[in-house]
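All values derive from a computational prediction rather than experimental measurement. Both ligands and their constituent atoms are indexed starting at 1 by order of listing.
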Amino acid sequence: MAMMLQALALATLAACPVSASYAFYVGKNLTADGSVLVGGTGEEVSSHWLQLFPARDHASNATITVGVTKNAVIPGELIQIPQVNHTLRYLSMEYSDYEGFPAPLTNGGLNEKGVAVRDVWADNRQELIDMTPTPQHGLQYSDLARVVMERASTAREGVEIIGDLIAKHGEATYGGNSHLIADQDEGWIVWEMAGGAGLWAAQRLGPNEVKVLYPGYIEDFPVDFNDSGDFMGSDNIVSFAVEQGWWSSASGKPFNIFNVYGPQDPQYTARDGGYKYMSQAALENATLAMAPVTEEDLMARVRDCRIADDEAGYGQVVSLRAGVDRDLLRVWIAPTTSVASPFVPWWLGVQSVPPEFGEHRYLTTGASSSFLNPDYQLQEASVFAGRVFKRVLYYMCSAPKTYLPVVTTMLTGFEAQSRTQVSDWVEKTARVLIAQGQREAAQKLLTFYSHTRAAEALQIGQTMVQSLDGYIKLTGQWRDPKGSQINDAGEGDETVNCLVGYDPDQPADKQQHPLIKRSYKRRSQARMNKMWLSNR
Ligand SMILES: *[C@@H]1O[C@H](CO)[C@@H](O)[C@H](O)[C@H]1NC(C)=O
Ligand SMILES: *[C@@H]1O[C@H](CO)[C@@H](O)[C@H](O)[C@H]1NC(C)=O
Ligand SMILES: *[C@@H]1O[C@H](CO)[C@@H](O)[C@H](O)[C@H]1NC(C)=O
Ligand SMILES: *[C@@H]1O[C@H](CO)[C@@H](O)[C@H](O)[C@H]1NC(C)=O
Ligand SMILES: *[C@@H]1O[C@H](CO)[C@@H](O)[C@H](O)[C@H]1NC(C)=O
């Protein structure tokens, strides 16, 4: 019985949804070097791979295909919309699978203008989800993230682009979504609502703010938002709520986007999304407590084992500041969940991605029902970094008290070395070369360093896996699976995580982990989707 209760408690408290994602924003007045800092991950089951998209010119009649197909959780049809005549260079972690959306997908990344984008789920109230017309048409969250990277020179322009495109072509949704867009000066959070009415709201994040989207949220919002430089939204963002009876000026209550358009469940508040072990408020506090925040600090936040687990597809941390040459814009990327893999520095000036960090079939949609396309023969033959570090995760989290500190020390040691090399000579040399008109040589240097460091990261990952494998087997800690199902049953099943000191038999205030204040009731987009489907 005790065992059963424990299993139940675990299922309730430690269960995690299929997908979510999180994003951190730290304003430039709260960081050690005056940069705006952005970090986060995409929580999708799918494989994730690093891809560089060069700047390109396009014919005046060029189009792009956007939207979702009949396979999406809320079915839709793809549409063609005009391409712009020039798209910017950007770097992104791509992936193949989320809620039936067409691959390849992106949560965002960094472009050559120093605009960073992250996409994060942000549920809407059930009425909006029910209202969504089918088949739905318009740009979905990944299209919007991609278009912002391809077209935006500033964060504000990114918001305007999203607003314009939704007004012209609509938005295809899976139940509500948000984007964090940042540049060297500021951040913006954009919340795109389900419902097919083109509703969206955006709020500027200033130099003295920390914001964590987990999920995304916007609270008080001025009804005369057009007069404010700090807010943007669709023309109907206020009037629609009034028409639906969701808000009225007579109520005397401020117009609050979360209260009006968010989930109408008293269990959830704007800054307590009821998700995993840390609310947005707790994550924001923990980040703020680090001010002045460094890249290293934000890496620690992103890889915190209370949020980073098997669900985190990768880790990203980027600093945005004035006066950085476009080729020297740098993003630190962990090839899979950063609790088990090191951040490696990549620059926009890097010219290629090593095959080990490119697309492989492990966890890629369709891999179990089709043979390898011979075009990918050699790439697939190479070791896949994502797979190697998933192995680190699974071994490490089998006894986190023992292995997590050792692995974390190795990862942070590796990153400290990279940071020293990057600042001691890599970027200095690249800057000198660019100043001397030798841009191509600078790009080759950056490419050489990123490739070399990525190869070293992979080597260390393989060494960790071999050590953990040997240690676990030789010390009698090996456990065969007890059941027969290698895939979890989906929504509600626990996923592999490395929580330390978490005891499901203890009340939340007795937990060893200092920041676990209470157990968060699980909630997820997948559940919303099921509700949507069952209500149709
Ligand atoms: C930066 O933060 C400090 C301390 O909170 C504050 O006094 C100062 O006004 C801020 N600067 C700007 C430009 O907001
Ligand atoms: C665009 O125009 C070019 C040149 O007129 C033509 O060859 C091409 O087929 C057109 N492409 C599309 C997508 O219409
Ligand atoms: C490309 O588009 C921009 C803005 O839309 C415009 O100013 C520019 O003239 C266009 N260039 C070409 C070659 O069409
Ligand atoms: C906001 O301003 C824009 C451009 O000036 C205008 O087109 C739009 O109708 C205004 N929206 C609202 C809600 O007043
Ligand atoms: C975050 O910090 C504020 C201000 O110190 C405090 O009132 C609040 O309780 C904290 N919230 C959490 C969840 O830690």
Side-chain angles (χ1 to χ4, degrees), residues 22 24-37 156-157 159-168 182-188 190-191 193 197-215 217-219 221-244 246-249 255 257-258 260-261 267-294 301 304 306-307 320-322 507-509 511 513-521:
Y22 51 85
F24 290 75
Y25 164 87
V26 188
K28 62 182 181 179
N29 198 25
L30 296 172
T31 63
D33 70 354
S35 300
V36 166
L37 281 174
R156 179 181 290 272
E157 195 188 335
V159 182
E160 290 163 355
I161 289 168
I162 288 180
D164 287 349
L165 289 174
I166 291 178
K168 281 199 190 98
D183 61 24
Q184 64 187 39
D185 294 315
E186 62 188 18
W188 281 85
V190 195
W191 190 350
M193 318 293 170
L199 293 160
W200 62 275
Q203 178 184 4
R204 179 175 171 271
L205 306 171
N208 298 302
E209 279 179 89
V210 160
K211 185 97 164 178
V212 177
L213 284 59
Y214 200 34
Y217 69 95
I218 295 174
E219 297 181 279
F221 193 86
V223 290
D224 52 356
F225 62 92
N226 246 7
D227 304 335
S228 160
D230 293 340
F231 296 89
M232 287 190 253
S234 55
D235 277 354
N236 59 351
I237 192 73
V238 179
S239 58
F240 190 88
V242 173
E243 282 159 26
Q244 297 295 319
W246 295 343
W247 181 81
S248 94
S249 53
F255 184 66
I257 297 284
F258 179 85
V260 171
Y261 289 113
Q267 215 173 322
Y268 308 114
T269 59
R271 297 179 71 227
D272 182 353
Y275 188 67
K276 280 191 190 168
Y277 302 94
M278 293 182 82
S279 63
Q280 296 101 316
L283 289 163
E284 285 168 1
N285 282 6
T287 311
L288 211 45
M290 291 173 141
V293 185
T294 62
R301 288 267 61 84
D304 187 319
R306 288 163 297 176
I307 54 169
L320 305 165
R321 65 179 167 279
D509 58 358
Q511 295 293 342
H513 222 301
L515 282 164
I516 295 177
K517 294 261 163 50
R518 39 169 288 212
S519 58
Y520 293 104
K521 282 263 168 14

Exercise. Any idea which residues sit under 4.0 Å from ligand 4, heavy-atom distances?
Worked result: N226, D235

Problem set entry | For P292, side chain to side chain contact (heavy atoms under 4.5 Å, CB included) partners two or more places apart | A32

Exercise. Can you name the ring pair (Phe, Tyr, Trp, His ring centres under 6.0 Å) partners of F221, sequence neighbours left out?
Worked result: F225, F231

Exercise. What heavy-atom pair brings I237 and F255 nearest, and what distance separates the two atoms?
Worked result: O-CZ, 3.4 Å

For this session: Not counting sequence neighbours, which residues clear side chain to side chain contact (heavy atoms under 4.5 Å, CB included) with A322? List them please.
Result: Q184

Exercise. Backbone N or O of A270 within a donor-acceptor pair of the Q280 side chain at under 3.5 Å?
Worked result: yes

Problem set entry | Heavy-atom donor-acceptor pair, Y25 side chain to L205 backbone, under 3.5 Å | yes

Exercise. Short N/O distance, under 3.5 Å, between N285 and ligand 5?
Worked result: yes

Exercise. Side chain of E284, backbone of V212: donor and acceptor closer than 3.5 Å?
Worked result: yes

For this session: Check each heavy atom of L30 against ligand 1 and say whether those closer than 4.0 Å belong to the side chain, the backbone, both or neither.
Result: neither

